[in-house]
Asker: 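First the structure, then my questions, so here it is.
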Amino acid sequence: MFYPPNPTEFFATVWEIVQQIPPGSVSSYGQIASMISPGNETEPERMRHLAPRWVGTAMRKTPRGKSIPWHRVINSQGSISFPAGSAQAEEQRRLLALEGVAFDANGKVNFARVGWRGPDAAFLRRLGLLPPHLLK
DNA sequence: CGTTTGACTACGC
DNA sequence: CGCGTAGCCAAAC
């Protein structure tokens, strides 16, 4: 797959992006991965579609106590990626519920309603990321 | 130092 | 809708 040329830097970028997600909104591993460039625009398709997994790796290593809203990142299916019923899954669901993000009977959110639109232009410029309309 | 393990996703059934 | 699989390698054991 695509893999971070510099994992440390990649992880830090992921965390910065996650901090941009406002309360009440959720993003996905794939959405975040698609924002990070360079690389994902030129990467072969077969490599590119594995990038989200690295976002998952970054999330696993999320530093605590740095006010990073890790719970606002879910998978592309709109559901929590921790095993259903696990303590971590319950915690994530609880934190999201506090922000008004609800899951349906199938354990999925309505992306159309609570999906994050993406970071603002100033943030993109600061990190040198590509604007959403240039992303695939 | 060898083996196992992922906070993923698109796609086929 | 749900389940299984390929792709792919840095961490965690």
Side-chain angles (χ1 to χ4, degrees):
Chain A
M1 83 177 240
F2 144 92
Y3 72 94
N6 180 341
T8 302
E9 185 183 348
F10 177 86
F11 295 156
T13 302
V14 169
W15 299 327
E16 288 210 58
I17 292 174
V18 172
Q19 282 186 308
Q20 297 297 306
I21 308 173
S25 294
V26 296
S27 184
S28 70
Y29 305 92
Q31 180 182 16
I32 291 169
S34 71
M35 290 177 200
I36 300 178
S37 65
N40 62 16
E41 287 300 302
T42 55
E43 207 62 54
E45 199 61 37
R46 72 174 193 286
M47 309 276 272
R48 217 208 306 186
H49 82 281
L50 290 173
R53 203 163 187 177
W54 281 100
V55 174
T57 299
M59 294 311 290
R60 198 196 337 146
K61 294 167 63 71
T62 300
R64 314 231 182 161
K66 288 201 171 181
S67 61
I68 295 176
W70 59 271
H71 59 284
R72 296 178 193 144
V73 183
I74 61 180
N75 64 37
S76 66
Q77 315 301 305
S79 56
I80 287 173
S81 279
F82 288 112
S86 67
Q88 295 180 106
E90 285 307 296
E91 174 67 352
Q92 184 165 15
R93 192 172 59 77
R94 187 183 70 77
L95 290 171
L96 286 173
L98 290 174
E99 302 180 353
V101 177
F103 291 82
D104 65 21
N106 293 314
K108 299 180 179 177
V109 303
N110 183 340
F111 269 123
R113 232 164 57 80
V114 300
W116 185 37
R117 299 282 191 101
D120 59 42
F123 177 80
L124 287 171
R125 202 173 325 108
R126 184 161 69 76
L127 286 194
L129 300 176
L130 295 174
H133 71 275
L134 290 182
L135 297 174
K136 172 80 183 352

Asker: List the atom pairs, with distances to 0.1 Å, where a side-chain N or O of residues 103-110 of chain A and a protein N or O form a donor-acceptor pair under 3.5 Å, not counting sequence neighbours.
Answerer:
unit_1, atom_1, unit_2, atom_2, d
A/D104, OD1, A/N106, N, 2.7
A/D104, OD1, A/G107, N, 3.0
A/D104, OD1, A/K108, N, 2.9
A/N110, OD1, A/A112, N, 2.9
A/N110, OD1, A/R113, N, 3.4

Asker: Which residues in residues 76-89 of chain A have at least one heavy atom lying under 4.0 Å from any atom of DNA chain B?
Answerer: A/S76, A/S81, A/F82
Asker: Taking only residues at least two apart or on different chains, which pairs with a member in residues 18-36 of chain A satisfy salt bridge (charged side-chain N to carboxylate O under 4.0 Å, His left out)?
Answerer: none
Asker: What is the separation between atom CE on A/M59 and atom C1' on B/dT9, rounded to the nearest whole Å?
Answerer: 17 Å
Asker: Looking at C/dC1, C/dA10, B/dG6, which one has an atom nearest to any side-chain atom of A/P7?
Answerer: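 Looking only at heavy atoms from C-beta outward on A/P7, the closest nucleotide is C/dA10.
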Asker: For residues 75-82 of chain A, run the donor-acceptor check on the side chains, cut-off 3.5 Å, and write out each pair with its distance to 0.1 Å, sequence neighbours left out.
Answerer:
unit_1, atom_1, unit_2, atom_2, d
A/N75, OD1, A/Q77, N, 2.9
A/N75, OD1, A/G78, N, 3.2
A/N75, OD1, A/S79, N, 3.1
A/N75, OD1, A/S79, OG, 3.2
A/N75, ND2, A/S79, O, 3.1
A/N75, ND2, A/S79, OG, 3.4
A/N75, ND2, A/S81, OG, 3.1

Asker: Would the number of heavy atoms belonging to other residues, nucleotides or ligands and lying under 6.0 Å from CD of A/E9 be above 12?
Answerer: no
Asker: A/I32 CD1 to B/dC8 C1': how many Å, rounded?
Answerer: 12 Å
Asker: Between B/dC8, C/dA11, B/dA7, which nucleotide has the shortest distance from any of its atoms to the side chain of A/R53?
Answerer: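 Of the candidates, B/dC8 comes closest.
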Asker: Once side chain to side chain contact (heavy atoms under 4.5 Å, CB included) is applied, do any residues pair with A/L98, and if so which ones, sequence neighbours excluded?
Answerer: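 A/L98 satisfies side chain to side chain contact (heavy atoms under 4.5 Å, CB included) with A/R94, A/L95 once adjacent residues are dropped.
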Asker: Near DNA chain B, which residues from residues 19-29 of chain A have a heavy atom under 4.0 Å away?
Answerer: A/S28, A/Y29
Asker: Please list all pairs passing the salt bridge (charged side-chain N to carboxylate O under 4.0 Å, His left out) test where one or both residues lie in residues 23-35 of chain A, with sequence neighbours left out.
Answerer: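 Passing the test, one end in residues 23-35 of chain A: no pairs.
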Asker: Considering only residues two or more places apart or on different chains, which pairs with a residue in residues 15-27 of chain A satisfy salt bridge (charged side-chain N to carboxylate O under 4.0 Å, His left out)?
Answerer: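 Output for this query lists A/E16-A/R126.
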Asker: Which pairs with one or both residues in residues 54-76 of chain A pass salt bridge (charged side-chain N to carboxylate O under 4.0 Å, His left out), sequence neighbours excluded?
Answerer: A/R72-A/E99
